[in-house]
Each structure stands twice: as structure tokens, then as C-alpha cells.
Amino acid sequence: MIQTVHVPLPGRAYDVRIGPDLLARAGAEIAPHLARPRVAVVTDAHVADLHLPALERALSAEGIASVSLTLPAGEATKSWPHFTRCVEWLLDQQVERRDVVIALGGGVIGDLVGFAAAVLRRGVRFVQVPTSLLAQVDSSVGGKTGINAPQGKNLIGAFHQPALVLADISVLQSLTDRDFLAGMGEVVKYGLLGDERFFEWQERHAEDLKTRDPGALGHAVRRSVEMKADIVLRDETEQGDRALLNLGHTFCHALEAATGYSNRLLHGEGVAIGCTLAFDLSAQLGLCAQEDPSRLRALLAQTGMAASVGDIDGDLPDAQTLLDLMKQDKKVVDGKLTFILARAIGEAFMTSDVPQDAVEQLLEDALAARSLSSC
Ligand code: GLY
């Protein structure tokens, strides 16, 4: 069954279509958005092998001609050289102002192609066809686009909403366990930040989620997208509520920087670990019940997700260095760190009023528990 989440942003409303085998219907889904039957597709080498032929077949079945550019897979692609290549290729293909560009891939391709679409001829429309769980539940929705700078991640970009998102849950079966579970970190985040009933549903369906049952996946993606759409509607450009989507991210960004943005820690793994640290901190500050972090850890363990810094291989710096890395975060205002903490599961809030000592102690305890478990 195909489900639709409508994102009614004034003047740039769009649908997120979620369901099995959507790739095979992509031509019919995209056709109503086209001024002429021709699209440019940008993807990466890994996704091209798995899914580009199916997309091309679906487009051609509806009489839509397509050209495609395949970029290298991986985070390093989210950079000026590949961005320039993408924009110049789109110009070479004579993509016009009224044309549509398709981003077929995970978060890297979605962010880069969305940014290319935002600047090409001062803005062309684009369709997101997210192929990772993380991209389906988070990065393909909400219009954040961009690339990384040598100074940090996602520092160059624009808000540019897609014209359509096609989240084919069947393609999630082709993900490795590690990539799939990393995406689940973002799904768990939605329950934690604003919907206790969704968290409880995940507790009840942990096994179905782990085994990628299509019914469970459809519900998890739809509810996550509904929550994201609701937040984006309230605060498209992150002046307030949208920051709630960063639950776990202050810790996550420090851990990602400490592990060199490498395969040692995938973003979604860092989010799951960051969420446990945010709940530990909330419990230690007396903001939420002591049981809440344990309940979160139990869910992460049930599905096999990363849950603590002990799950990260190799050396990590000390607590003070991690704290310094947290201060590089783009959410630092006047030198004060902003945290998303929680009063309960499903009740996150933003605060800059967190004693630095408490954060340092939390990190020291987490690192000490890690060395004990590796002894
Ligand atoms: N990924 C966080 C946001 O879209 O705001």
C-alpha cells in the first residue's frame, strides 16, 4: 500500500510517497511534475548498480527520456569538486529552468543534488528518491541541502524543498545490516523527541523492525516523515522547533569528528549513541526519570543498534577533547552549547542551560565504562 504524507508549505507544497515497489512506478509518479518528458538523474556508483536500471525502465515506460550522472559513493562526494562537476554536467545536459532533476541515493546524493538544483539557473525543481533508511526518514524531507567544507560538515548549502519524494521501502531490503540499523537510529530519535506512543510501538515491533518486515517499515517511515513534516511546517529554517530534530546530535557530531567522519562511526549510529547520552544527562540533571535511559538502551539492544561509546572501535580522545569538539558545533551561540534534553520519552526540549561540569563528568563516565568493558 502506498501512503502519502503531504507537506503543505505555502507555495512549495509537496508529497512524500511511501510504499513498496515505488521505484517501478517512478515514471507515473514523476510525469505530472514534468513540463517536457525528459529528466536528469544524479546518483552514486553503489546505488547506480542496484537501482538505476529500475528507475530508467520506469521512466521510459512512461515515455520519459533520461540522462544520468554517476558520482563516487561516500561522504567525500559532498564537496566542492563533485558539486561543481554535477552543476556543470546539468548545464551540459541543457537542463532548463522548468525541468526536473532526480536525486537517486542516500543522504549524500540528496543533499548535493538538492543544492545543485537550488543554484542551477537560480533554482530548478528536484525529486528525491531516497534509497537509505536515513534519507527516507530524515534528509530527503524538509529541504536542507548542501555540501561539506574543510571547516566542517554541511556548512555550505541552501533551503530548497523537493517537488516530490518517493520513498520506496522495498529498496531498504538491499541495505547492509549496519546501514539499515544506522538509519533506525533516526527512527528511534523521532519517538524520543516527540511521540511516546511511537516509541512504545517500536518497543512492541522491535523484532519486525530488525527483520525489515514491510508492514513495520512502512509504518516506521510514515510516522517518522509525518513528525518531520510537522516540525518543518512549524519552523522551516530552524529558528526554533526544528532544532529538536538534533536530539543526540551535539554528542554525535563530537564523536563523528573524533573518529574522523570515517566508517568507524556512521551518522545514524552516532545519533543513537548521542540520544542515550542526552537521556543519561537528562536523568542525571533530574529532568527525566532514571528508567528512561534504560528503556532506550533496551530498545537499541533489542534491534541490535549501537547504544554506547563502547560500541565504537578504536581509540577515542578524553572527555575534555570531546567537549572541545562539541564546542565546534554550529549550534554554539556566544560560546554556549545548546543541548536537546528530555523531560520524558517523547518530550524533548532545547536548552543552553547545562552545567559544563555535568557534561564532562558524563563523558568521563561513558569513556570509563568503555575501557572497563574492553578489559
Ligand atoms: N536533519 C535535521 C533537519 O532536517 O533539520
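Read the numbers this way: they start at 1 and go in the same order the structure lists the ligands and their atoms. Only heavy atoms go into these numbers, but all of them, side chains included; no hydrogens, no water, no symmetry mates.
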message: Classify the ring geometry of Trp201 against Phe198: parallel below 30°, tilted from 30° to 60°, perpendicular beyond 60°.
response: parallel
query: For residues 279-290, which residue pairs qualify under side-chain hydrogen bond (donor to acceptor under 3.5 Å, both in side chains), counting only residues two or more places apart or in two chains?
result: Asp280-Arg297
Protein N/O near ligand 1 N/O, under 3.5 Å, which pairs?
residue: ligand 1; atom: 1 (N); partner: Asp138; partner atom: OD1; Å: 3.1
residue: ligand 1; atom: 1 (N); partner: Asp138; partner atom: OD2; Å: 3.0
residue: ligand 1; atom: 4 (O); partner: Lys228; partner atom: NZ; Å: 2.5
residue: ligand 1; atom: 4 (O); partner: Arg242; partner atom: NH2; Å: 2.8
residue: ligand 1; atom: 5 (O); partner: Lys144; partner atom: NZ; Å: 2.9
residue: ligand 1; atom: 5 (O); partner: Arg242; partner atom: NE; Å: 2.7
residue: ligand 1; atom: 5 (O); partner: Arg242; partner atom: NH2; Å: 3.4

- prompt: How does the hydrophobic cluster around Phe83 look, that is, which other residues are in it when side-chain heavy atoms under 4.5 Å mark a link?
  reply: Val42, Val67, Leu69, Leu71, Trp80, Val87, Trp89, Leu90, Leu91, Val95, Val101, Ile109, Leu112, Val113, Phe115, Val119, Leu120, Val124, Phe126, Ile147, Ile156
query: Residues two or more places apart in sequence or in another chain: which of them pass ring-ring contact (aromatic ring centres under 6.0 Å, His included) with His82?
result: none
query: Taking the six-membered ring of Phe349, is the NZ or CZ of Arg343 close enough (under 6.0 Å from the centre) and on axis enough (within 45°)?
result: yes
query: Just checking, is any N or O donor in the side chain of Thr321 or Asp318 under 3.5 Å from an acceptor N or O on the other one?
result: yes
